[in-house]
Enquirer: 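The structure is given below, and queries will be raised subsequently.
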Amino acid sequence: MTLEWTTEASQAAADLINENSSLDYALFTIPNPKKAKPQVVVESKGNGGRAVFDLFCDDASQTKVLTGAFVVSAVDEKGSVTSVRRKLVHVTFAGSQVGIMTKGKLNGWSGPFRDPFPGCATYLQLFGGDLDDLQEGDLEATLMAAGGATKYDFSNQTLRGSVGLPEMSAPAPAPAPIVSSGKKFKMPVKAPEPPTPEPTPEPAAPAPEPAKITKTQEALQKMKAHKEAMKRNAEAEKTSSPERPVLQPVTVQEKEPTPPEPTPTLPKLPPGMDADNVEFVMLMSTQSGSNKQKNDCRASQQILESIGVQPTIVDGADPLSKKKRDKLFRVSGIQGNYPQFFVLPKGMSEKIEEEDEEEEVVKGDAMFFGDYNMLSEKRKNGTLAAEIGLGDDALSPLPEQEENTEGAASSKKLILLISSMCNAKVMAEQNHAQAVIEGLGIDMTNQLEVLDGCDQQLRDRRNELWGVSGIRAQYPQLFTVDDASSKIQFVGDYENIMYLNDHGSLAQEIGLSA
């Protein structure tokens, strides 16, 4: 069933997407959805932005199908520079009293609804009283996930102030016309003008200071200079003709035994740091799908307990610890692998979470201590406690790591949470993530469930998954479900899925291999 846009509706849509338009919203309806050729007509248009769409809560709107778009101001603040851009948010709404047959036509109408509004920042589909995605907090989270701005102004006052044209100055009055009296007059003799003094040369402006370059630019310049030097050396070797060396008799000597390579040691504590003023931090994950990582975390805790160390635990799967986890990842340079161990000055772990701009401070004060393999090796050698600053290791036996017995018995399914109402970037990421999962040999029919977060019938399951991951309105997200316990574990978002796949650990993380 083809939709037909009236001339007035098409013009209103064109006016809204015009960068110089004074409109910041346009809303349309379909008064005759049951006809063979339903028409899209203008419901209202003007200024008001997102706030106008609150009328979806009115009783009168519950019998209508409404669609349209509104303008939001995307504000980028970088240092002293602030830029404001005009973004569009497209909305499709079906009231709670709209018939089932009409609601069933919405999927077929989604293309004609969106065609007049290309390049929207996001597309929302709302039903009845479920307007959470239209609230400013949820909407800003969706727009921030799509990227491109540091904050959003839904009143559009920022945008109006940034594009206002300056008032033009009034034109100078025309000179009064000269009226001749008819009398003859002599042209007055003009007195000679005094010689114009030569202008005194202004002092030369000081030379501008050389522009400061960033560390990244400096590194690129050094790399470029190094490559040029290597190229010159290679050319010089080609053009030169070294003399052929005279062959000398070779005396065979008995080869001395090669000394064994020194065993790598853990880094010593920095000066001024000892067991009394440091905090030993263990970064682990309670939601890891890898049985090996679970066993490594348990064995690490037993090793530390055997030498009397009680570490501060940071759960990388806890959404409240995400900021702390990401900064520790940057200190170690290893992402998505558990457990990891760090030495920080006492109280620094809380400071990491409280301060937003302390990344450089953390890198300077925190020390990456190692992973499970290094911790276990030093415990076997009896040097772990000394290198932490506690003296010699106790003579207690090293706890044995548990056998990985869960992998064969447990059976897991995957849930990929996606959105059918998203922009082109998110759609491409969802397709890529699904292709990567399929490439692992997953039974796409029986082992993978693709769940559409925009399907209102699946709203409760979507909210449950958001509660597990701690991330709302961001797609795609990947989860594992244990068949035996029905426990849901969050694997990661698109960025983490790609990171695990690039490092060859995605299959292990979702429990396909030990």
Side-chain angles (χ1 to χ4, degrees), residues 5-6 8-30 40-62 64-77 82-95 110 113-165 419 421-423 425-426 454 472-474:
W5 285 70
T6 64
E8 181 186 6
S10 298
Q11 184 60 49
D15 290 343
L16 181 63
I17 65 175
N18 186 347
E19 291 286 342
N20 299 320
S21 173
S22 61
L23 296 180
D24 70 357
Y25 89 92
L27 189 60
F28 309 89
T29 187
I30 304 176
V40 180
V41 300
V42 176
E43 175 79 5
S44 64
K45 62 180 181 178
N47 292 323
R50 189 214 64 80
V52 175
F53 286 67
D54 288 340
L55 62 83
F56 290 166
C57 298
D58 297 344
D59 292 340
S61 299
Q62 301 308 309
K64 297 180 180 180
V65 173
L66 299 171
T67 187
F70 59 88
V71 175
V72 297
S73 303
V75 183
D76 289 308
E77 295 179 345
T82 301
S83 63
V84 184
R85 290 173 293 130
R86 196 172 184 267
K87 296 278 189 178
L88 286 177
V89 174
H90 186 274
V91 181
T92 300
F93 170 80
S110 62
F113 280 167
R114 299 181 186 184
D115 289 344
F117 304 97
C120 287
T122 189
Y123 296 88
L124 304 178
Q125 186 166 350
L126 311 173
F127 294 89
D130 184 15
L131 305 178
D132 291 348
D133 291 344
L134 194 58
Q135 300 306 311
E136 288 192 5
D138 290 356
L139 183 56
E140 185 169 25
T142 302
L143 294 171
M144 294 287 284
T150 55
K151 65 179 180 179
Y152 289 86
D153 176 15
F154 294 100
S155 68
N156 295 321
Q157 295 300 322
T158 306
L159 182 61
R160 292 194 187 101
S162 65
V163 300
L165 298 177
S419 170
M421 307 289 289
C422 60
N423 58 32
K425 175 178 179 292
V426 175
C454 291
R472 288 177 54 87
Q474 182 172 324

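Keep in mind that what you see is a predicted model, and the values were worked out from it rather than measured. The first residue of the sequence shown is numbered 1, and numbering continues consecutively from there.
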Enquirer: About how many Å separate CG of Leu88 and CG of Asp24, when rounded to the nearest 0.5 Å?
Expert: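 CG of Leu88 is found 10.0 Å from CG of Asp24.
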Enquirer: What I'd like to find out is whether the side chain of Val71 reaches to under 4.5 Å of the side chain of Leu16, using heavy atoms alone.
Expert: yes
Enquirer: Just wondering, do Thr92 and Leu126 contact through their side chains at under 4.5 Å, heavy atoms?
Expert: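 Leu126 vs Thr92: side chains apart.
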Enquirer: Enter the distance from Asn47:CG to Leu23:CG here, rounded to the nearest 0.5 Å.
Expert: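 The distance works out to 6.5 Å.
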Enquirer: Go through the steps to decide whether Leu66 and Thr29 satisfy the test side-chain contact (heavy atoms from CB on, under 4.5 Å), and finish with yes or no.
Expert: CA-CA 5 Å; Leu66 299 171; Thr29 187; 3.5 Å; yes
Enquirer: Just so I know, are the side chains of Phe154 and Leu143 near enough to count as touching, which here means a heavy-atom distance under 4.5 Å?
Expert: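 With C-beta onward as the side chain, the pair touches.
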Enquirer: Under the 3.5 angstrom rule, does the side chain of Asn423 hit a backbone N or O of Thr122 as a donor-acceptor pair?
Expert: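 Side chain of Asn423 to backbone of Thr122, a donor-acceptor pair under 3.5 Å: no, none is there.
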Enquirer: Between Phe28 and Trp5, how do the two ring planes meet: parallel, tilted or perpendicular, split at 30° and 60°?
Expert: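 Ring orientation of Phe28 relative to Trp5: perpendicular.
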Enquirer: Nearest 0.5 Å please: distance from the CD atom of Glu19 over to the CZ atom of Arg86.
Expert: 5.5 Å
Enquirer: Look up atom CG in Asp76 and atom OG in Ser83, then write down how far apart they are to the nearest 0.5 Å.
Expert: 4.0 Å
Enquirer: Rounded to the nearest 0.5 Å, what's the gap from NZ on Lys87 to CG on Asp153? Could you check?
Expert: 15.0 Å
Enquirer: Distance check, rounded to the nearest 0.5 Å: His90 atom NE2 versus Leu124 atom CG?
Expert: 9.5 Å
Enquirer: Any non-hydrogen side-chain atom of Asp133 less than 4.5 Å from a side-chain atom of Gln125?
Expert: no
Enquirer: Within the structure provided, determine whether Arg472 and Asp138 are in side-chain contact (heavy-atom separation under 4.5 Å).
Expert: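 Arg472 vs Asp138: side chains touch.
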Enquirer: What pairs with Lys64 under side-chain hydrogen bond (donor to acceptor under 3.5 Å, both in side chains), at least two apart in sequence or on another chain?
Expert: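 Lys64: side-chain hydrogen bond (donor to acceptor under 3.5 Å, both in side chains) contacts with Glu43.
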Enquirer: Would you say the side chain of Leu27 lies within less than 4.5 Å of the side chain of Phe93, judging by non-hydrogen atoms?
Expert: no
Enquirer: Is the shortest heavy-atom distance from the side chain of Met421 to the side chain of Cys454 under 4.5 Å?
Expert: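 Sidechains of Cys454 and Met421: in contact.
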Enquirer: How far apart are the closest heavy atoms of Lys45 and Ala12, and which atoms are they?
Expert: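 Smallest interatomic distance, heavy atoms only, reads CD-CB, 4.0 Å.
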Enquirer: Heavy atoms, side chains only, cut-off 4.5 Å: are Tyr152 and Leu139 in contact?
Expert: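 Tyr152 does not reach Leu139 side chain to side chain.
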